[in-house]
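Structure, as structure tokens:
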Amino acid sequence: KKAAFMKAYEQLDREIRNVFTVLTGGEAWLELESPDDPFSGGIFLMAKFPKGAPRESSSLSGGEKAIVAVSFLLAFQTIYPSGFYLLDEVDAALDPMYAQGLGKMLSDWSSRAQIIVISLKESVVSKSPNVLGVYMTAGSSNVIRLKKEVQVDVRTQQS
Amino acid sequence: KKAAFMKAYEQLDREIRNVFTVLTGGEAWLELESPDDPFSGGIFLMAKFPKGAPRESSSLSGGEKAIVAVSFLLAFQTIYPSGFYLLDEVDAALDPMYAQGLGKMLSDWSSRAQIIVISLKESVVSKSPNVLGVYMTAGSSNVIRLKKEVQVDVRTQQS
Amino acid sequence: VYITKLTLKGFKSFPQHPVSVPFEPTINVITGPNGSGKSNIMDALRFVLGENSPKALRHNKMSDLVHDQSADENSFARVSATLDNTDRGIPVDEDRILITRELKRNGDSQYFMNSRRLSRNQYLEILSAAHISYDGLNIIAQGTIQRLAELTPDEKRGAVEQYL
Amino acid sequence: VYITKLTLKGFKSFPQHPVSVPFEPTINVITGPNGSGKSNIMDALRFVLGENSPKALRHNKMSDLVHDQSADENSFARVSATLDNTDRGIPVDEDRILITRELKRNGDSQYFMNSRRLSRNQYLEILSAAHISYDGLNIIAQGTIQRLAELTPDEKRGAVEQYL
Ligand SMILES: Nc1ncnc2c1ncn2[C@@H]1O[C@H](COP(=O)(O)OP(=O)(O)OP(=O)(O)O)[C@@H](O)[C@H]1O
Ligand SMILES: Nc1ncnc2c1ncn2[C@@H]1O[C@H](COP(=O)(O)OP(=O)(O)OP(=O)(O)O)[C@@H](O)[C@H]1O
Ligand SMILES: [Mg+2]
Ligand SMILES: [Mg+2]
């Protein structure tokens, strides 16, 4: 049991380092509260953003938490693979640079697993080869498929 | 006590109707659970967005809730005036059209009370005559004052 | 296993005539104005995967999930998802698997896999073989992404242990 | 009454040398990259208005609010706000009122108004005359705006009653 846990832990740690560095240029890693007996302590998720000091994930800013959480989520794929990811506006708190970085990361990741992401951000929407537009008419929802080369305006779909 | 409550209730209802209609083109209003004895029931905050059906505020979508909540908040000014408002990314869930509408509403409102709003949205930032840029260097925060005509890029302040 | 199509009929803001949503195996971005029905699509996916808590689908009771503009008593909500099973993640020897959940006005649900009716437990058990569950880490509802970073160290360890 | 200036020294991500933030009487937009310190400015405003719950300022204990890069034991956090009082909302016969709160490493706070030391209760009482309180409806923390719309009908009535 401990061997299986440590193997998963190390894989997760390695993958989080990769994903986070690509997304931010900073560093993230895991630390065990009690390395000798991992089950008697917790796991710290540490992150050091560019220009900042290393911190545990729970004391970061709103946008920083979203970035670290997505890194953790995607890294989890290596220890417990899912066929698809459903993400509802995970980019809402991100500034333009990190939103763009996330859009690119999700595109790259989509060769490993299917990604279905809801976004209102131009930089994420315009990067995707497949865009679905949802709109409301007379109290009911409809969906249209928007081609990639269409300049997507989140609002025009009401037409 | 009932008379004072009803007076405040009616003022709040009138103001919510105004603010919400300006923001969305739809309608919002208050309803009393027990009109004969208001203290024995609650207050329903109802909203009808363009193209949708009338609903109570708690069953709206994420962005719709944010719009209704800001309308409620500003309308409160008529029954309990504050000298200033501090709003931290209240526009995060809004689509581009509602974000722009909110930016304009807050500008208009700023003749009644001081507004201090944190935003990452270009449409809100570029509308304001006063923009403060916050940036981090060597683990510490700094603030610079950006003039109105500066084309604000949320990211460039790191320079 | 991935999702190739989702069909909604009478589920939340979706009307009684079926609306189909096609998905690519790579990345799919869903966008649209506030209140248009984007998160309801996500709720429909969780519903068809077995989510049974009305609160998690943002309503007080399951029967509220039926489109409220369909006045007639017999109206119901139905969501189907077509899954690509060429990797045989789901232990059924078919390339495509159609999963369907129907909800009557009285709150009762029926579950189908390739048009065969199954009990809820059989349905969930078959899906779990492919690591598919309605409350998996791979499904993030609106406004909740920060929570993963706010887990306590013990909860983080628990998340890793749970999946071993 | 409105805020004309805020000065932060050693508070959260703000360094030991004082940083001043000028505010206009109309609209002020604060922007900047993720993690730059925007919400910490909001926390500083709540802190100087008397917020005493570390959790509401996103830390476990008050002493964690002191800038953690200032290693020396005697370092402290100080936030001052200059308020325009030409409308005499605050019952003090001055056009400008400087409110200051200092927090020592041991978690103790001292409150000052126009350089005169006051007890916490005197300080809060004078501010409340102008409808100023650290947990008023006019202060919305990051990620919480939807909560106003999610109040139950009874809570909405309570909000109106509370301010009568
Ligand atoms: N049973 C129902 N019948 C009809 N409409 C419903 C039902 N349940 C919810 N709705 C409506 O569906 C609408 C869309 O909700 P949804 O949360 O999917 O929007 P969204 O596109 O995610 O918006 P946002 O960008 O603001 O998050 C809401 O206005 C809600 O009131
Ligand atoms: N006591 C402290 N000493 C030093 N830094 C701190 C302290 N407390 C918090 N911080 C740091 O301050 C940084 C900025 O936080 P803040 O929440 O203000 O960012 P923000 O600009 O609002 O970002 P976002 O756009 O993501 O919401 C965080 O990285 C956090 O770790
Ligand atoms: Mg939504
Ligand atoms: Mg913030």
Side-chain angles (χ1 to χ4, degrees), chain A residues 4-5 8-9 12 33 38 41-45 57-58 60 62 65-66 68-70 72-73 76 79-90 93 106-107 110-111 114-120 124-125 128-136 139-143 145 152 154-155 157-158, chain C residues 1-3 8 12-15 19-42 45-46 67 69 83-84 87 89 130-132 136-157 159-161 163-164:
Chain A
F5 177 85
Y9 171 83
L12 192 59
E33 200 169 7
I43 293 180
F44 295 110
L45 173 53
S57 66
S58 54
L60 295 168
K65 278 182 184 165
V68 166
V70 171
F72 184 73
L73 181 71
F76 229 86
I79 62 173
Y80 191 79
S82 306
F84 57 84
Y85 285 88
L86 308 179
L87 309 172
D88 193 346
E89 297 194 33
V90 294
L106 293 177
S107 290
S110 66
S111 56
Q114 180 185 41
I115 306 261
I116 297 173
V117 57
I118 297 173
S119 175
L120 299 177
V124 174
V125 173
S128 170
N130 312 304
V131 178
L132 295 160
V134 185
Y135 60 98
M136 185 75 92
S140 292
S141 293
N142 301 278
V143 179
R145 197 171 189 161
V152 180
V154 172
R155 272 283 146 190
Q157 287 147 28
Q158 288 194 325
Chain C
V1 177
Y2 62 87
I3 304 161
L8 304 91
K12 294 188 87 175
S13 56
F14 285 83
V19 171
S20 277
V21 187
F23 291 118
E24 297 298 316
T26 52
I27 186 162
N28 305 266
V29 176
I30 298 175
T31 194
N34 289 135
S36 52
K38 300 181 299 294
S39 295
N40 288 343
I41 291 175
M42 186 79 114
L45 280 159
R46 281 202 304 234
H67 186 50
Q69 300 210 334
L83 306 177
D84 181 289
D87 68 357
H131 290 177
I132 296 176
L137 257 189
N138 57 326
I139 301 177
I140 302 287
Q142 189 169 357
T144 67
I145 183 70
Q146 272 98 339
R147 279 195 213 143
L148 267 185
E150 291 165 355
L151 293 177
T152 65
D154 282 333
E155 287 168 342
K156 285 175 182 137
R157 192 203 63 239
V160 175
E161 272 185 280
Y163 289 103
L164 285 183

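Within every chain, numbering begins at 1; the chains are lettered A, B, ... in the order of the sequence lines, protein sequences first and strands thereafter.
Heavy-atom distances place no part of A:S111 under 4.5 Å from chain C, backbone and side chain included. With a threshold of 4.5 angstrom between heavy atoms, A:P38 approaches chain C through N, CA, C or O but not through any side-chain atom. Both the backbone and the side chain of C:P15 come within less than 4.5 Å of a heavy atom in chain A.
Annotation: maximal heavy-atom pairing with chain A below 4.5 Å, among C:I30, C:I140, C:D154, C:I145, occurs at C:I30. With respect to chain C, the highest number of heavy-atom pairs below 4.5 Å among A:V117, A:V90, A:L60, A:I79 belongs to A:V117. The greatest number of non-hydrogen atom pairs below 4.5 Å with chain C, out of A:A8, A:G83, A:S140, is found for A:S140. Between chain A and the residues C:D84, C:V1, C:L8, C:L83, the largest count of heavy-atom pairs under 4.5 Å involves C:V1. Of the listed residues C:L148, C:L45, C:L151, C:T26, the one with more heavy-atom pairs under 4.5 angstrom with chain A than any other is C:T26.
Taken to the nearest 0.5 Å, the CD atom of C:E24 stands 14.0 Å off from the CD1 atom of A:I115. In this structure, C:I27 CD1 and A:L87 CG are separated by 8.5 Å, a value rounded to the nearest 0.5 Å. The structure places OG of A:S110 at 8.5 Å from CG of C:N28, a figure rounded to the nearest 0.5 Å. Atom-to-atom distance recorded for A:Y80:OH and C:N138:CG is 8.5 Å, nearest 0.5 angstrom. Atom CD1 of residue A:I43 and atom OG1 of residue C:T152 lie 10.5 Å apart, to the nearest 0.5 angstrom. Taking NZ of C:K156 as the reference point, atom CG of A:L45 lies at 5.0 Å (rounded to 0.5 Å).
Nearest heavy-atom pair across A:A93 and C:Q146 is CB-NE2, 3.7 Å. Across C:S39 and A:D88, no two heavy atoms sit closer than the pair OG-OD2, 2.7 Å. Considering all non-hydrogen atoms of both residues, C:E150 and A:S58 come closest at CA-CB, 4.3 Å. When all heavy atoms of C:A149 and A:K65 are compared, the pair lying nearest together is CB-O, 3.7 Å. Annotation for A:S141 and C:S36: closest pair OG-O, 2.5 Å, computed over non-hydrogen atoms. Here the shortest heavy-atom pairing between A:M136 and C:G35 reads CE-O, 3.1 Å.
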*Candidate pair C:K38 and A:E89, rule side-chain contact (heavy atoms from CB on, under 4.5 Å), full reasoning*: CA-CA 10 Å; C:K38 300 181 299 294; A:E89 297 194 33; 3.9 Å; yes
*So C:I41 and A:V143, side-chain contact (heavy atoms from CB on, under 4.5 Å) or not? Walk me through it.*
CA-CA 10 Å; C:I41 291 175; A:V143 179; 4.0 Å; yes
_From CA spacing to verdict: side-chain contact (heavy atoms from CB on, under 4.5 Å), C:V29, A:L106_ = CA-CA 10 Å; C:V29 176; A:L106 293 177; over 6 Å; no
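A:L120 is listed as a side-chain neighbour of C:N34, based on a closest heavy-atom distance under 4.5 Å.
Ring to ring, C:F23 and A:F84 are not that close: their centroids are 6.0 angstrom or more apart.
Between C:Y163 and A:F76, the ring-plane angle classifies as perpendicular under the 30° and 60° cut-offs.
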